[in-house]
Each structure stands twice: as structure tokens, then as C-alpha cells.
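Start at 1 and go down the list; that is how both ligands and their atoms are numbered. Because only heavy atoms are used, hydrogens play no part in the values below, and waters and symmetry mates are left out as well, while side chains stay in. It should be emphasised that the depicted structure is a prediction, and the values quoted were computed from it without experimental measurement.
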Amino acid sequence: QVGSRGADESVDSVCPYCGVGCQISYKLRDGTIAYVEGRDGPANESRLCVKGRFGFDYVASPQRLTVPLIRREGAPKNLDVDPTNPFTHFREASWEEALDAAANGLARIRDARGGRAVAGFGSAKGSNEEAYLVQKLIRQAFGHNNVDHCTRLCHASSVAALMEGIGSGAVTAPFNDALLADVIVVIGANPTENHPVAATYFKQAVKSGAKLVVMDPRGSTLMMRHATHRLRFRPGTDVALLNAMMNVVVTEGLVDRDYVATHTEGFERMEAHLAAYTPEAMAERCGIEAGTIREVARLYATAERAMIFWGMGVSQHTHGTDNARCLISLALMTGQVGRPGTGLHPLRGQNNVQGASDAGLIPMVLPDYARVGDEAVRARFEAAWGFPVSAQPGLTVTEIIDAIHAGDIRGLYVMGENPAMSDPDVVHAREALAALEHLVVQDIFLTETAMYADVVLPASAWPEKTGTVTNTNRQVQMGRPALPPPGEAREDLAILVDLGRRLGLPWDYAHARDVFAEMARVMPSLANITWERLEREDAVTYPCPAPDAPGQAVVFGDAFPRAGGKALFVPAGLRDPAETPDADFPMVLTTGRQLEHWHTGAMTRRAGILDALEPAPTASLNPRTLARLGLGAGESVRVETRRGAIVLDARADAALQEDMVFVPFAYVEAAANVLTNSAIDPDGKIPEFKYCAARVVRA
Ligand code: SF4
């Protein structure tokens, strides 16, 4: 549809923000994006949130990088760079010079110290094809697996638990199936802000009679309004609460014994483990009355169809994998998996975190989660790729930062990520970036990470590139270019190929479709999904049983992809967060996103309408906490932890518990991650962004 509001061209693509994966059309006028409309995609049925509808003008920001940059000799590595005038610290370079400098710097470190001294961060904001090439570049050019991306900061613990328990890290059913559910549990997620279009399906389901259980320490004012049950449990007590719910299921005879016998293993051990976790024993710890725990457990277990949705409130803990293990066990023992209207759905964060993970942008697995330690797996990939694959798992995002401090990693290639804002204890991360011998950053803006770079490669925004992305529902979708990149900026895939060639790789990919074709050859998950099909149909769900069949929206009705086809119960015990409140730091800090801003703010803070709606950082506190501290909403406060302090305005939010403070992490002027703890979950290796000890004082 062209011209309804004066557009002269319409290009179909996908929203570049969250994992919901709304299909959109860019409406162009005079060669620029005039507005965006929602399309009738499988995930959004024409719905859009404020980010998808209004957050597109970052593409035309005067701060876009339009020429390659090389650091000036002796320029200090810090954040004192004006992104509108980078030439104080950098000089303009030709593409030839910049690519040579980028590749030669990394190759020099590899040749002097071995490939393990170089690492790469890919991006969950890029396409599947870009993610695939980043992991292949590091594995092929440097001979090891030091490549990761922001899944490590997002759902790595959920994926670890899902892989262990059910043999697959993706969702078992699309979020739209909430419309078929009788009971919807949303835990540790704030979908009205972070997955807004998914939230519309939850609200629609409630209007049709479904029961909505919201379990979250922070609460979610908008979601809570629609909830039939609101459990604001104490932060960090997820395992206590979920074990208590499972205790009720077991002791009140609500276990689906047929399902457990046919589809699972390890239940006896789980049953014995749960005996101590009575609601009465756990009530005080998690701050929820035993009667409420019993009521919600019965509601979920006796529902004909029930779904569980979770977010980073579950995953971003040092016990994040345990939290997810409990959710999986709860669903398994009640048989709430594998049928329409049932299932386990970790709401994926970024637009392509599912696809980037599937593509192998993870240090311990190759594409399709094939373990690098498995000899047969390596042999298969070595035959397909024609180079040896290291058997040793690489380092994760936070481990790479520590390895830089230790002097073990000297070179880093960052494509589209912003660890100078997104990593926990970010001052520690920034010091690491500054200590690197050679840092190459490929991005569309001079991000905080790019400010530390030796070479900056100006790349393409999402509306300027061709590529596929995979959303939280396992729907692989086609993105098309609406605009050319500005100035001398280039498509990321072309930059990657040129960088690879300069590192000696025999790459001849001419188009994203060539990369996708290779992916489809090595990734069984993409069977029957071709580039041509995606061009024609726009979205296909994996797994897909035939070239002309729709993909399988609900999986694991018959068997799980584990040896023997059975899912595994994995008991989880109680563990405190890594840092708990004390007399000096008596409150709990939790961090996250907000509706208008996206991750580290690189795009949304340069989007006029979004930044006008939320122009400044705020610390949210319960009004009673503000009163106790003698503060009012809008007053300037100082939030402090053992790692640092930031100053920002207080905001009243009654959905927060009284001992909590919430800070969004999109604002460089009050970077929440100055405060956060880098302690990680032992299995998922995800940092504890959702819990550390803090204090709040008048600034
Ligand atoms: Fe974009 Fe997510 Fe909003 Fe949809 S819900 S428009 S994918 S940000």
C-alpha cells in the first residue's frame, strides 16, 4: 500500500527492536522514511508499539558514521569524545586503509600471541547472516571459539536450562497461543514495556476469560492491572516460590502422572527434593502467603491449557539457570507442554537474539547449538567448512573482559554491540576496552564502545540492509533495504566479507542469500526454509516439515529432542544472590529496559519522539521509600553500590517493593551498569543485573 499518507514507496521489513518481530512497512517520501505501518505478520497482525511505529528517525541522525575512522596517534581512550565531532580523537580514512588497519592489527596479535589472544562480539541486532559470518570469521581466522554476543547478558541461563531439560533452547509455542490458554503465567517479565505487542495478546486473552498470574518483585503496573493474581515476591527468591508451587502440585495429587511417565525422566528425584519446600516453609522467605502459593499452584496445575512466559527477571541472576529449571519442571509435572495453548516461552529480548544464537554466535556451540567438544559435531562442520574447529569452548562476554584485564586477550572485533554500556560493572569493562592493543568496532554511531576503538567501520542501519532475523516465536523473517547507507557507510555483510578476505579467508559471498544458503546446509533447523521462500512468504517458522508446509508453531507434543525423547527434571536448591543488602547498602538495585528506550540507547536516544517521551534517566522508588528518605519525585538522588555511584532524578513507582530501586540502562549520563555486579550464574554465565546491594541518598 503506497500513498495513503503521501508516501511514494513502500518497503516491507521487520521492526528492528524487540524479539516480538513485528512486520512493518517503511513508507518513503523523497528518499527518506516518512512513517512506518504495521503489517499483517504472524507475530503482530498489524499491531505495533511506540518503538516500532515512531522509532525510525535514528537512521537519519546527523550523528551517523559516514566515513571510516582511525584513532589519532596518542589520542586518549576514554568517553570524552563528542559523537557529533569525533575528529578530535579520530581521523578520516579510506575504506582500503581502514580495512587494512583493522585486519592487520588483529592478524598481528594472532601471529605474535596465537589466535586465542583475539576475540569477537557479534550482535543480536544484526541479521542471521551477519551473526553466522561473525562466528565463522573468529573460528576460521583465529582458530578458536572466543566469540559471543549479548545473549550472554539476556537469556543464556534460560537456554542452558532448556537445553539441559528439554533438549532445545527455543520456545515450545508462540506467544500468540496465549489466546488459547486458560491460565497465563508471566514471571520476571514486563511485557507491556519490553514486549508490548506480545502483551496485547495477553490482555486480549484475559478479556476472553483467561486467568493471568503475574509474578514479579518489581511488579508491572500495566500488566498487574489485568492480572487475576499478583505475586510480588521478594527479589531473588524465585526458586523458593516455584519449588513451593511444585510442592503443592506433588502433595495435592495434581501431577499429570501419565504425562510424567511417558514424556519425562528423573521425577522421583524431583519429588523427593520438593518435600522440604512446603508453602508454609517458603512463605516468609519469598514474601507470599502460603495460601496464595497454594491457590496459584492449583490454578496452573488444573488448567486445561496453561502457558508460562518469562523474561530477564528470571534469567539475570546468579541462580538464573535454577530459576528456569524450576519453570521447566513445573510445566513438565503438570503436562503443560506440547499442546496448543500450553508451553514454555522465554520472551527473547532483541530482535534477533534467537537467530544469532541459532547461528552459533556462542563460544561453546556451533550453529544449531552443536557442542564444540563433540568430535562428531566438529567433524561434520570441518567437512562443510573446510577448516579445523577448536574443541575447546571459548570465553563468554564477561570472561573476555576479564581475560583482557589479565593480558590474555589483546585484540577485539566488535560488530554492533556496546559493551561499554551493556556489561556489568561497566567501569571495569571500559578499562578493559582501553587496555586493548587493537579494537575494531563496526557500528552505525560512535557508540561508547567505538570511542575506545582503534578503527571504526561505518555500517548500515537495519532499514539499509538485506537479511533475515528470527523472532521469539522461531519465525524466520525477511528484512529488505528501504534506503542506501549514508555517505561511505556500507552494508555490514560486505564489511565482514572484506575483513574476512583481508584475514586470509577464501570467502566469496556476494549476497546475504549466499550466506543463508550455506546456513541452511549446515543447520538442520532451517530445513525446508529457503531464501526464495522467505522472499515470497516473508516468514516461516522452524522446524518446518516440508518445502510447502507451514512451520511447526507448537513443538514436542510427541517427544523431546533428547536421547530417548524424554525431558529431564533437574531439581534446584536455594541460593542467595551474590551480594545481599546490609547496613551500608540496605536496598536492592534492579536494572532493565523501559518502553521508549532500547538497550544501551544507541538507536532510541537518537529517535526524536522516543527521546522526547523519556529524555532523562530516572531512579524508580516506591512512594513510601521516597517519603522515608525525605525525598520527593523529581528530586535528584544518588544511587550507590560497592562499584560506583550515579546521580539521576527520582521517580515514584508504587509497583516497586519498598526496599528496591529500579534504574534503566539506556543512559550514558547515569549508566546503570556502573552499579551492577559482574558475578555470574555458573551454568549460563549470565551476570546478576537484577540484584545487587545499593543505597539511595539525596544528591
Ligand atoms: Fe517492535 Fe517489539 Fe514494538 Fe513489535 S513490540 S513494534 S517488534 S519493539
With a distance cut-off below 6.0 Å to the six-membered ring centre and an angular limit of 45° from the axis, does Arg218 pair with Phe662 as a cation-pi contact? yes

Please check if the distance between the ring centroids of His149 and Phe121 is under 6.0 Å. no

Within 45° of the ring axis of Tyr35 and under 6.0 Å from its six-membered ring centre, is that where the NZ or CZ of Arg29 lies? no

Atoms of type N, O or S from the protein that sit nearer than 2.8 Å to atom 2 (Fe) of ligand 1 number exactly 1

Ring of Phe445, cation from Arg606 - is the NZ or CZ under 6.0 Å from the centre and inside 45° of the axis? yes

On a heavy-atom basis, which atom in Val353 and which in Cys154 lie closest, and how many Å separate them? CG2-SG, 4.5 Å

Is it true that Glu464 and Arg480 have a side-chain N and a carboxylate O under 4.0 angstrom from each other? no

